[in-house]
Amino acid sequence: MSLEKINTMVIGGGQAGVATSAHLVQHGIPHLVLERARIAERWRSERWDSLVANGPAWHDRFPAMTFDDLDPDSFAGKDRVAAYFEAFASKINAPIRCGVEVTALHRTPSGTFRAETSDGVIEAEQVVVATGPFQKPLIPAMVPAQPGLTQLHSSAYKNPAQLPEGAVLVVGAGSSGAQIAEELQRAGRQVYLSVGPHDRPPRRYRGQDFVWWLGKLGKWDAKAKEPGTEHITIAVSGAYGGHTMDFRRLAAQGVVLLGRANGFANGALTVNDDLARNIAQGDANYLSVLDEADAYAVAHALDLPEDPGARVFAPLPGCVTQPLLSLDLAAQGITSIIWATGFALDYSWIKLDAFDEQGRPLHTEGVSQVPGLYFVGLPWLSCRGSAFIWGAWRDAERLAAHIAARVPAHA
């Protein structure tokens, strides 16, 4: 196989890889970005057709380039987001090589890194792993495969027409599950939605988007999750112009809410009796954001309109007060299950002692315990905002400076 040598190799051509390339360019560090498919491939092929960004266009972008063709308060569609990254990469002349998959990464006796790829062997002094958090779709081994029942992960869902006729069970009510459930309901499907613990911020409050409030309140810069919130998802949506994800509203539209799924036997899904508690905890999170926003507005004398209506909740629907604890799939006409149950990291291709027992990178704000190895684009890499587009940009800026300081004679 051919051997190529480069100073710094970036693996992954999504938002984190493109951001890293931009900052390496600024430092004059020779580098190469390897992308297994196309720039921002997961935005292109592993998202449903109608997906839009969860933050407005003024927020979900790199600081160095705006969405010039969009209203700043609108929500960019997935294809527009992919085009944004492609345009930005072209703008900075990023050295991205698409269609090249890294199959293994080793450390050589001399201390460099050796990447085996689909296009030959590449050696590098430094490696930045920018493959993101959405690597291995997780589907619980709960409902066995059976005739007449389609099961797919949310990353494989495209649109309602993709599914066979019949009712749909959506398991997981974070942003993906809640949005997919609403889309299916609007398309005329009977939908059952399994709701676990979640945060539920307001889309807008007192005239400002919740992402603005989280910035003002210092939430994006939080260094670690609060105890007990490690497995809590965020239910938020930019769909249909952006609105607060309110499970009472979904129930009023016809979605049947369930607690967390915990098993399957004799054709029926068994369900925890935790739905009311999960809804109440989501409400408490929602109200806490309003309380903190109000306190901030007073403390800083902000001239923002009050919004007492934001604190008014509709009554709890019957599916919450009298929850189903067993769901017979055939009896309810359920022909599809969408598992919006998240992803696992998969670094099995990295043959280095750089991970804990769960396969998570051992690092300090993206700097690995293996000298010269870096990670970027992961949730909570340095703070709460790390997995967002602008957060990856900020982390990449810091890591590029670290690389430049480590190899001062890179020119």
Side-chain angles (χ1 to χ4, degrees), residues 46-51 137-198 200 231-235 237 239 245-279 282 316-343:
E46 298 181 24
R47 304 288 187 270
W48 62 95
D49 296 345
S50 67
L51 175 73
L138 287 175
I139 296 181
M142 185 177 296
V143 180
Q146 52 196 278
L149 182 65
T150 296
Q151 298 190 59
L152 68 159
H153 190 265
S154 56
S155 61
Y157 169 77
K158 300 303 178 186
N159 55 61
Q162 172 192 17
L163 304 179
E165 292 295 323
V168 184
L169 167 64
V170 179
V171 180
S175 292
S176 295
Q179 290 179 47
I180 290 171
E182 180 165 13
E183 174 173 274
L184 289 166
Q185 184 278 323
R186 286 174 175 241
R189 298 299 186 99
Q190 176 61 62
V191 179
Y192 296 81
L193 176 62
S194 174
V195 180
H198 60 275
R200 189 175 72 84
H231 303 293
I232 290 180
T233 60
I234 298 179
S237 175
M245 188 52 71
D246 185 344
F247 292 106
R248 291 174 175 81
R249 176 179 55 79
L250 289 186
Q253 292 171 198
V255 175
V256 177
L257 307 178
L258 310 167
R260 296 187 78 175
N262 65 17
F264 185 81
N266 301 318
L269 188 79
T270 54
V271 181
N272 289 341
D273 188 11
D274 62 355
L275 177 58
R277 180 171 69 252
N278 296 336
I279 296 294
L316 288 172
C319 59
V320 175
T321 58
Q322 297 178 301
L324 292 173
L325 302 182
S326 178
L327 183 68
D328 187 306
L329 302 188
Q332 301 304 323
I334 295 172
T335 58
S336 301
I337 301 178
I338 297 175
W339 298 95
T341 41
F343 298 79

Enquirer: If you apply the rule side-chain contact (heavy atoms from CB on, under 4.5 Å), what do you find for Asn278 with Phe247, and how did you get there?
Expert: CA-CA 11 Å; Asn278 296 336; Phe247 292 106; over 6 Å; no

Enquirer: Are the side chains of Glu182 and Val191 in touch, meaning some heavy atoms are under 4.5 Å apart?
Expert: no

Enquirer: When you measure from the side chain of Gln179 to the backbone of Gly174, do you find a donor-acceptor pair of N or O atoms at a distance under 3.5 Å?
Expert: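 Judged by distance alone, no pair lies under 3.5 Å.
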
Enquirer: For the side chain of Gln146 and the backbone of Pro144, is there at least one donor-acceptor N/O pair under 3.5 Å apart?
Expert: yes

Enquirer: Is a donor on one side and an acceptor on the other found under 3.5 Å between the side chain of Thr270 and the backbone of Gly263?
Expert: yes

Enquirer: Strictly distance-based, threshold 3.5 Å: is any side-chain N or O of Asn272 a donor or acceptor partner for the main-chain N or O of Asn262?
Expert: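 Judged by distance alone, no pair lies under 3.5 Å.
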
Enquirer: Using modelled atom types and a 3.5 Å cut-off, is there a donor and acceptor pairing between side-chain atoms of Arg189 and backbone atoms of Gly166?
Expert: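 Yes; at least one donor-acceptor contact below 3.5 Å.
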
Enquirer: Just by distance, do the side chain of Gln151 and the backbone of Val143 share a donor-acceptor pair under 3.5 Å?
Expert: yes

Enquirer: Which class fits the ring pair Trp48 and Tyr157: parallel under 30°, tilted 30 to 60°, perpendicular over 60°?
Expert: tilted

Enquirer: Does any N or O in the side chain of Asp49 come within less than 3.5 Å of the main-chain N or O of Asn159, such that one atom is a donor and the other an acceptor?
Expert: no

Enquirer: Can you tell me if Thr335 uses its side chain to pair, donor with acceptor, with the backbone of Glu165 under 3.5 Å?
Expert: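 Indeed, once roles are kept as given, a pair shorter than 3.5 Å links the two residues.
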
Enquirer: For a quick test of reading the model, state the closest non-hydrogen atom pair linking Cys319 to Leu275 and the distance between them.
Expert: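 For Cys319 and Leu275, the tightest heavy-atom pair comes out as O-CD2, 3.3 Å.
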
Enquirer: Which heavy-atom pair separates Ala156 from Gln162 by the least distance, and what is that distance?
Expert: O-NE2, 3.0 Å

Enquirer: Testing Gln185, Arg248, Arg186 for side-chain hydrogen bond (donor to acceptor under 3.5 Å, both in side chains) with Gln253, which one passes?
Expert: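 Between Gln253 and the candidates, side-chain hydrogen bond (donor to acceptor under 3.5 Å, both in side chains) is satisfied uniquely by Gln185.
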
Enquirer: I'd like to know if the side chain of His198 and the backbone of Ile279 have a donor-acceptor N/O pair within less than 3.5 Å.
Expert: no

Enquirer: Measure from the side-chain N and O atoms of Ser175 to the backbone N and O of Ile234, and report whether any donor-acceptor pair falls under 3.5 Å.
Expert: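 Side chain of Ser175 to backbone of Ile234, a donor-acceptor pair under 3.5 Å: yes, one is there.
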
